[in-house]
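Encoded as structure tokens, the structure appears first; notes follow it.
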Amino acid sequence: MALVLPLALPLQPRIRLAQGLWLLSWLLAVASSLTLLWSGHLLVQLWHLGTFLAPSCQFTALPQVALAVGAVALGTGLVGAGASRASLDAAQYPPWRRALGPLLVAGTAGGGGLLVLALGLALAVPGSLDTGLEEGLGAAMSHYKDTEVPGHCHAKQLLDELQLRHHCCGRHGYKDWFGIQWVSSRYLDPGDQDVIDRIQSNVEGLYLTDGVPFSCCNPHSPRPCLQSRLSDPHAHLLFDPRQPNLNLWAQGCHGVLLGHLQELASTLGSMLVVTILLQTLVLLGLRYLQTALEGLGGVIDGEGETQGYLLPGGLRDMLKTAWLQGGVDHRPAPEEGPPEEAPPKEGLPEA
């Protein structure tokens, strides 16, 4: 029976394979450890920004899957380092001989399944992140004034910290605040005619102004921050409403956060590619080393000719036979000819 992808491995090439596999396994362990650390960093970032992501956003699944990929790859790297080192020592290899087969199967199945899941998430996550930020930032801004409402009392503090830390204002720009009541009703004078007129002029009974919160102000601006009456060209001297970024953050928080999270995800994706590539090489090397040593009955320094392979020929023959049998079963049956006439019976003699 022909083996699948056989490779001749006499003593010296087998030793070089084990030595190279030991180094490659430790590289995999380092790469998977970096993947675990970066996945944890991204999860921490998402935990801090969770208020500004819609609950339906699936972006958090990406670092979670990356954590699983990193854990499986780290285990593969440690197993590969131990098995390749033990393959050079006749006293250490026998315990690995019994466990290496199941470990290879588990590593291949786990890594392959997680790879398919990671690829699916990589295709679905970008659109989910954009929509999640759009909905989450809108909800957070609408609750900016609810400082005494249970469940939303921290929305103002979190949004102010977001705008100051990431140098952004509003969802897509400072004018987003014009369509939202961001001033709490507790600070409004119900007897003030201007307050009454603004509330009555809005169909939803909201107090809307052409101003922004203090966290939209750029502290590095050489002039005092202008927060109110931003639509009135005559309200402030030397102020041009067509250039609103004189002392306000120019960018919206949606674009800033989207770019920030996509950059983190892109770095994580590069780490995943390197990790999965190294894991594939380690698994292939372990399989060739295992089958080569099995051909020698587990004798480490055997001088006999041996071959490493990926799959035994029996498996390929079995699949080929099943395919051919399936093809035979589906072939049309030959047409039946007319039935043969029975030969005439000889007449019996009369009594």
Side-chain angles (χ1 to χ4, degrees), residues 47-57 130-258:
W47 180 73
H48 287 295
L49 298 175
T51 305
F52 313 111
L53 283 173
S56 59
C57 181
D130 190 359
T131 305
L133 284 173
E134 188 77 17
E135 298 176 2
L137 283 170
M141 291 175 64
S142 65
H143 294 299
Y144 184 86
K145 67 180 187 304
D146 300 332
T147 55
E148 297 181 346
V149 177
H152 303 295
C153 55
H154 298 294
K156 179 182 184 302
Q157 176 185 351
L158 294 175
L159 200 46
D160 285 335
E161 292 177 352
L162 174 70
Q163 295 188 142
L164 289 172
R165 182 182 299 113
H166 292 276
H167 298 175
C168 58
C169 180
R171 183 162 47 179
H172 299 287
Y174 78 103
K175 289 187 178 181
D176 291 337
W177 290 107
F178 294 0
I180 296 174
Q181 180 181 340
W182 55 272
V183 179
S184 176
S185 300
R186 62 184 295 191
Y187 299 113
L188 299 178
D189 183 3
D192 189 341
Q193 188 60 41
D194 179 66
V195 174
I196 296 175
D197 292 341
R198 288 183 181 274
I199 293 177
Q200 291 179 349
S201 64
N202 185 268
V203 294
E204 298 180 2
L206 301 176
Y207 178 77
L208 305 180
T209 64
D210 53 350
V212 296
F214 78 96
S215 55
C216 284
C217 296
N218 184 355
H220 305 293
S221 175
R223 58 180 294 178
C225 183
L226 304 179
Q227 294 180 245
S228 60
R229 302 177 65 183
L230 297 177
S231 300
D232 188 354
H234 306 291
H236 307 284
L237 296 176
L238 303 178
F239 173 70
D240 186 356
R242 293 171 297 180
Q243 299 178 353
N245 56 345
L246 291 177
N247 54 12
L248 301 177
W249 302 122
Q251 293 181 301
C253 293
H254 178 274
V256 173
L257 290 182
L258 183 63

Taking the side chain as every heavy atom from C-beta outward, state whether [X] and [Y] have any pair of such atoms under 4.5 Å apart.
X    : Y    : result
L206 : I180 : no
Q227 : F214 : yes
S56  : E135 : yes

Within this structure, what is the [atom1]-[atom2] distance for the pair [X] and [Y], rounded to the nearest 0.5 Å?
X    : Y    : atom1 : atom2 : answer
T147 : R186 : OG1   : CZ    : 5.5 Å
Y174 : D176 : OH    : CG    : 10.5 Å
L230 : F178 : CG    : CZ    : 4.5 Å
H166 : E161 : NE2   : CD    : 10.0 Å
S185 : D146 : OG    : CG    : 8.5 Å

Sorted by chain and residue number, the side chain to side chain contact (heavy atoms under 4.5 Å, CB included) partners of H254 (sequence neighbours excluded) come out as D130, L133, E134, L137, R171, H172, L258

Sorted by chain and number, sequence neighbours left out, side chain to side chain contact (heavy atoms under 4.5 Å, CB included) with L188 holds for Q181, V183, V195, Y207

Looking at [X] and [Y], what are the two nearest heavy atoms and their distance?
X    : Y    : value
W177 : Y144 : CH2-CD1, 3.9 Å
G252 : C168 : C-CB, 3.7 Å
L208 : G179 : CD2-C, 3.9 Å

Would you indicate whether C169 and C216 have their SG atoms under 2.5 Å apart? yes

With sequence neighbours left out, the residues meeting disulfide (SG to SG under 2.5 Å) with C225 are C217

Practice task
Test side-chain contact (heavy atoms from CB on, under 4.5 Å) on L162 and T51 and set out the steps.
Solution key: CA-CA 10 Å; L162 174 70; T51 305; over 6 Å; no

* **Any donor-acceptor N/O pair, W182 side chain to G211 backbone, under 3.5 Å** => yes

With sequence neighbours left out, the residues meeting side-chain hydrogen bond (donor to acceptor under 3.5 Å, both in side chains) with S215 are D160, Q163

Across all chains, not counting sequence neighbours, the side-chain hydrogen bond (donor to acceptor under 3.5 Å, both in side chains) partners of D197 are Q193

By ring pair (Phe, Tyr, Trp, His ring centres under 6.0 Å), H167 pairs with (sequence neighbours left out) W249

